[in-house]
Amino acid sequence: MSTTHPSADGEHTHTSIEDDVVDPAHIDNLSHETRRFAPSPTFADAAFAKADMYEDAESDRLNFWSRQAERLSWTKRWDDILDWSNPPVARWFTGGELNVAVNCLDRHIDNGLGDRVAIFFEGEPGDTRSITYTQLHAEVCQAANALEALGITAEDRVAIYLPMIPEAVVAMLACARIGAVHSVVFGGFSADALASRINDAGAKLVITADGGFRRGKELPLKPIIDEAVQSTPSVENVLVVKRTGGEVSFNDIDIWWHEALAEQPAAHQAQSFDSEHPLFILYTSGTTGKPKGIFHTTGGYLTQAAFTHAAVFDLKAETDVYWCTADVGWITGHSYVVYGPLANGATQLMYEGTPDTPHKGRWWELIEKYGVTIFYTAPTALRTFMKWGDEIVAAHDLSSLRLLGSVGEPINPEAWMWYREVIGGNKAPIVDTWWQTETGAIMISPLPGVTATKPGSAMRALPGIAVDVVDASGDTTPNGTGGYLVLTKPWPSMARGIWGDPHRFVDTYWQRYEKQGYYFAGDGANRDLDGDIWLLGRVDDVMNVSGHRISTAEVESALVSHPRVAEAAVVGAHDDITGQGIVAFVILRGQSKEDSTTIGEELRKHVVHEIGGIAKPRHIMIVEELPKTRSGKIMRRLLLDVAEHRALGDVTTLADPTVVQLIADGMTNNDED
Ligand code: WTA
């Protein structure tokens, strides 16, 4: 995908390169890993999910899911388990009715568990709160009443732009309680990125905070909202949580969250919604510059989020202290901080800040302090800690940990072994969980009490889930070779579409294997000789930086929106810590004599302004030309060779084969952080 400068009429022109997809069959990554780690007999005996769960699901898949749905409280039972008469839009538990917030709160209180702690909150500055299910329920009821008082109904969308504080959970559950669709936007996105998401969803209300604490500083959010709402005509009000107490400007549409809640009773009569009522929209990067609003519905989503949270993490709700380090701005935060754990009545830790504030042992200190038993994080964090050194970890007692999870990107065997030995004390099983915003919940993962795991492999599809690894024509690849990961049967928490763009939903995920009716995940995978799955990363133009999805086209669009940029091409180059790092090749407009470091720095800032800090290029290289085929397509694979300092691949199809060598000669090793 290359992006040229906006043409005279202001339109961005995108040229797509269909043949630029990496063919995973060519990736020589078949692991020769022979180590196996079976759970201890004690762990296996006590496990929630036993080996017979696979056969059980296999023998009658739909009834298996129906039994999982029975774990929830429904006010009206479903008529049919699955309606797949209109693919690719599935309908699960049709005719059933339930309320998500009631499932996450009220029913636990009704079961006598109101005094159980739902959330231990630890702010970055060290402030703490422990919130029981009864207290969380009261706050959610007040918030639900406050939203209704502002005229929000089950027909509306609410944007949530908050730090990792309990109010984020309260806001999401309050929306769910009244049937309003929430769209959480990660607090690291810029005003522009936020405004485009608010506009795409047509959100009527924004819930935000004055700011949050990050890296020992106050990180203001309110000014970003103030800028965003300048261009969001649908927004009628902004609810502002007071978190930092910093100075904020208040406008006509702004209301303090605490004042709005204080006026409301702590009880709220919840209504049930149809199983297919939309629950939330979450934007994620695709292969074009425009993020996709993936939307999920109620009954199927909650069923699979709750089931996987119980089975994959082997949750013992009475005794476990669970901690998922993901931000609620990502799908992992939705399914495994909010909906899965709360539907299961879990006790969890929520931490606001960064792992190195005020010192590099903060996470391990928290695990010791709260006696965390189940810990779920991303490989990029593990690799960072590996770099910081084992002494930092060794200073803390982590013996409470009994299960470890990984998500977001492939975990390399070294990081996996470090996780097992240094964090898990060689006893806690590791579950490497593969899934996506679109799948809503975990799809491929070991069952911790059953699977003998291999370092670096996500192993097998969960019971009730059907995956395959296929070649370009959709045929199953033999064990021992690579191919494309597909999901071959509908699953309860699958996305029901892209908000406002049903065609894009079909084009992106379903067209490629239309004949077979498979969902194309966009990931390459190998199945080893035992049939276990090793994920290889994306096969499209989506980068994975620290477990965050960013498309090359999004960054290219941001770059060409700068007046000095004529053309830009972006690649995700290998990075030992973050998985991939963003490297941009930029052609400037007109003659320039200025220092390329200065303009490079300015362009990096520009990308941060346009998208947010997560998209900041690691390196920007100013070039005279980009390598193009004779038909004018940019050869990004060659740019990747350059960015990764590799010998150049085949250049014979280039219009001017010398261009890429010139770029390579100019590429210095001084990549920025
Ligand atoms: C990648 C995050 C390898 C993958 C839950 C996928 C993984 C994308 C794993 C989805 C894993 C996620 N091993 N790769 N265990 N988990 N991925 O939507 O490329 O933010 O397509 O969802 O992350 O990212 P998303």
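What you see is a predicted model; the values in this text were computed from it and never measured. Start at 1 and go down the list; that is how both ligands and their atoms are numbered.
Thr488 and Asp468 form no side-chain donor-acceptor contact under 3.5 Å, judged by distance and modelled atom types alone. No hydrogens or angles considered: nothing links the side chains of Thr303 and Gln68 as a donor-acceptor pair under 3.5 Å. Using modelled atom types and a 3.5 Å distance limit, the side chains of Tyr513 and Ser473 yield no donor-acceptor pair. At a cut-off of 3.5 Å, with distance as the only test, no side-chain donor of Tyr509 or Gln436 sits close to an acceptor on the other residue. For Ser190 and Asp192, the side-chain atoms include no donor-acceptor pair closer than 3.5 Å.
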- Task: With salt bridge (Lys or Arg N to Asp or Glu O under 4.0 Å) as the test, would you mind laying out the steps for Asp532 and Arg460 before giving the verdict?
- Result: CA-CA 6 Å; Asp532 295 321; Arg460 301 267 168 133; 2.8 Å; yes
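Within 4.0 Å of ligand 1, protein heavy atoms come from Ile331, Thr332, Val407, Gly408, Glu409, Pro410, Asp432, Thr433, Trp434, Trp435, Gln436, Thr437, Asp523, Leu535, Arg538, Asn544, Arg549.
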